[in-house]
Amino acid sequence: MSGFLELAISGLMSGLVIGLAALALTLVFGVARFANAATGDFMTIGAYAAVFGFTATGSIVIGGLLGLFIGAVSGVISYFLVFRVLEGRPSVSALLASIGVGFIIRSVLGVIYGHGQQVFQLPLVRPWRYFDVRIQPNDLKIGATALLALLVVFLVLHATPIGRRMRAVADDPMLARVSGIAPRKVMFALWAMSGAVAALAGVLLGIRTVIWPEMGWEMLIPVFAAAVLGGIGHPVGAVLAGVILGVVQEIATPYVGFTYKLALAFIILLVVLLVRPKGLFGRVEGVR
Amino acid sequence: MSLAIQGLTKAYGGLHVVSDVRFEVPKGALVGVIGPNGAGKSTLFSLITGFLAADAGDVAFEGRSLGRASPMERARSGMVRTFQVPREFSHLTVRENLMAAAPGQAGERLIDAFFRFGTVKAQEKEIAAKVEETIAFLRLAKVADVPAGRLSGGQKKLVELGRALMTGARMILLDEPFAGVNPVLIEELSVRIRELNERGIGFLIIEHDLPALNKLVSTLHVMDRGELIASGTPAEVLANPRVRDAYLGGAAA
């Protein structure tokens, strides 16, 4: 039983990471209307930037913030160099371009850091024990950080002028334009936010596991699965679906084995697409 | 002169949908455009508001040529349109719909939400006050927190009007504001439009409901097959034999 609970907790943590990345994906989808396949690579950039910051300063907080910042900058740069140019083209163009952007990011990181693994050299901490369940203090911090980030994103979306405008553009881009809403500023904010959220997911993933150039790309299937399961373009759905997916993956691991964890995400993705293409939360529409 | 339409022309293939239309809307006037289906009224609106690029001609607003200005630039210059089939931010509440349309200075950038919190908050307060005023004016208080997608057709038209007001528009172009709206709400809408007009906002209205429109406007322009065939007071225009032939005759047939 305690083993089961430990798996569930571990699943919750990886679920929050998946959920954050799915949120980054779904934010872009809701407003820019395409699935950004470079989302995983923004995670990787964030993780590498965080390791760099952590190694330089010794502070995981500063490292993490640097990761967020670099993630946001990467999002904005890729928008200005690539996705802005493709606006108004069929969304498949942007999707293909995003695969290319991801490829470039992975290659550049590979050239700079090599393809070996890096880790955050965090001091080992003895796990807490509640009854028979072991809880890693780091996991709690990761969970709290993820929840805090989610709270900030939802506050931005629902309680700030720029968030309201993002949701307006997601809802009806043409109407937004004739209402005098400048799409550039909205897109700028959107890509900064999406990049930062993805980067944070990468940082948290990097703390829990290892950092290597393919780490984010490898996460893409579960992240897509979560975004689809949550109802694409639906931020709350993406996060909840990420958590569900993470927990299911972890709990299933003893039965299906580690190798098939990814296959499980893929199966969930397929089943959702077949049975409930709109996802758990209804309409295939914009951010709301 | 508030709005000057200077020889707007649009053709698809050989078909002239709008051909050399020119008229002016004086500052603070209430002007109507009528015409049978396919006369080019909605296309004219799209040309004026920059949704479509004109083949020839220009639009001047408050003395400034709009040339190739985008729909957004035109909206920001103070000229806003509504749609025949009302459009709204369907997942945003009525209040949020109106707030989204308020022209922003601070708070438009993500960074402001974090680092210029005070400025943004003060501005939000100002916008919120204006939104409440607009909601009260349009009698939308009961549905203020309902997602706009759930409103009736008539209420959506009010939200559209509200959104146009929030942009600070000095000229509002209404595309069939009375279509699909029940008679009670038509009366209500007319009263609101007249009140706004008294505050100095100009209106250019496309409408099929002639009786309702005639009570409202001081000048009517009639289009048929892309051309402007008559202009004048409602009484003059309706007495014009060419208009009777093209529009009223067509409607009776």
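In what follows, chains carry the letters A, B, and so on, assigned in the order in which the sequence lines appear, proteins first and then strands, with residues in each chain numbered from 1. Atom set for the values below is all heavy atoms of this structure, side chains included, hydrogens, waters and symmetry mates excluded. A quick note: this is a predicted structure, and the numbers were derived from the prediction, not measured.
For CZ of Arg22(B), the number of neighbouring non-hydrogen atoms (other residues, nucleotides, ligands) closer than 6.0 Å is greater than 12. Heavy-atom contacts from other residues, nucleotides or ligands closer than 6.0 Å to CZ of Phe69(A) number 12 or fewer. More than 12 heavy atoms of other residues, nucleotides or ligands lie within 6.0 Å of CZ in Arg199(B), so this atom counts as buried by the packing criterion. Atom CZ of Phe52(A) is surrounded by 12 or fewer heavy atoms from other residues, nucleotides or ligands within 6.0 Å.
One distance of note links CG of Asn97(B) with CG of Asp171(A); it measures 7.5 Å at 0.5 Å rounding. Note: Arg165(A) CZ to Leu92(B) CG = 11.5 Å, rounded to the nearest 0.5 Å. To the nearest 0.5 Å, atom CZ of residue Phe89(B) and atom CD1 of residue Ile181(A) are 4.5 Å apart. Leu175(A) CG to Arg81(B) CZ: the interatomic distance, rounded to the nearest 0.5 Å, is 10.5 Å. In this structure, CZ on Arg76(B) lies 10.5 Å from OG on Ser179(A), to the nearest 0.5 angstrom.
For the side chain to side chain donor-acceptor pair (under 3.5 Å) criterion with Glu96(B), the lone passing option out of Arg167(A), Arg164(A), His158(A) is Arg167(A).
Residues Met72(B) and Pro183(A) form a side-chain contact, since some pair of their non-hydrogen atoms from C-beta on lies under 4.5 Å apart.
The contact between Arg163(B) and chain A is made entirely by side chain atoms (from C-beta outward), counting heavy-atom distances below 4.5 Å.
Listed options Glu88(B), Met166(B), Met99(B) were ranked by heavy-atom pairs under 4.5 angstrom with chain A; first place goes to Met99(B).
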